[in-house]
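The figures that follow rest on heavy atoms only: side chains count, while hydrogens, waters and symmetry mates do not. Note that the structure is predicted; figures quoted are calculated from it, not measured.
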Amino acid sequence: MDNGSGVAHLVPAFDVIYFKDKRSEAICHVIYGVRDTTGDMVMPSYPNLINSQIANVLNFINEFKGFQSKFFIESEIEIARQECDTAK
């Protein structure tokens, strides 16, 4: 997990698609957690993180994995947070 590869059946790997095409989904996963593909385990949620903390986590993964996507910014996190809330 230190390398962002995920933990089997617990924390999903963040693939490049989340940083280029599914950015809001990546943000929602960090805030509200997500079930694994088997439905047996849940990635923990972190709703108390502030927008800058979420951006920092995702930007770290982006850089560490060499995805070369644009950086997440606080305003993007806020918009996604509101979208996550209405989708629930």
[atom1]-[atom2] distance between [X] and [Y], expressed to the nearest 0.5 angstrom:
| X | Y | atom1 | atom2 | value |
| --- | --- | --- | --- | --- |
| Arg81 | Leu49 | CZ | CG | 7.5 Å |
| Phe72 | Ser24 | CZ | OG | 8.5 Å |
| Ile77 | Ile27 | CD1 | CD1 | 3.5 Å |
| Cys28 | Lys22 | SG | NZ | 12.5 Å |
| Ile50 | Asn56 | CD1 | CG | 8.5 Å |
| Ile73 | Glu78 | CD1 | CD | 12.0 Å |

Query - Contacts of type side chain to side chain donor-acceptor pair (under 3.5 Å), residue Glu63, not counting sequence neighbours - result: none
Query raised in the report: Asn62: what forms a side chain to side chain donor-acceptor pair (under 3.5 Å) with it, not counting sequence neighbours?
Result: Ser69
Report task. Return the set of residues passing side-chain contact (heavy atoms from CB on, under 4.5 Å) with Lys70 (not counting sequence neighbours), or none when no residue passes. Result -> Arg23
Requested in this report: Begin with the C-alpha distance, continue with both residues' side-chain angles, and end with the deciding distance and a verdict on side chain to side chain contact (heavy atoms under 4.5 Å, CB included) for Gln53 and Val57.
Outcome: CA-CA 6 Å; Gln53 292 171 316; Val57 166; 5.7 Å; no
Report task. Classify the ring geometry between Phe19 and Phe67 as parallel (under 30°), tilted (30 to 60°) or perpendicular (over 60°). Result ->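 Tilted, since the angle between the ring planes falls between 30° and 60°.
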Requested in this report: Taking Asn59 for its side chain and Ala55 for its backbone only, find out whether a donor-acceptor pair lies under 3.5 Å.
Outcome: yes
Report task. State plainly whether one hydrophobic cluster holds both Phe71 and Leu58, where clusters connect Ile, Leu, Val, Met, Phe, Trp and Tyr through side-chain heavy atoms under 4.5 angstrom apart. Result -> no
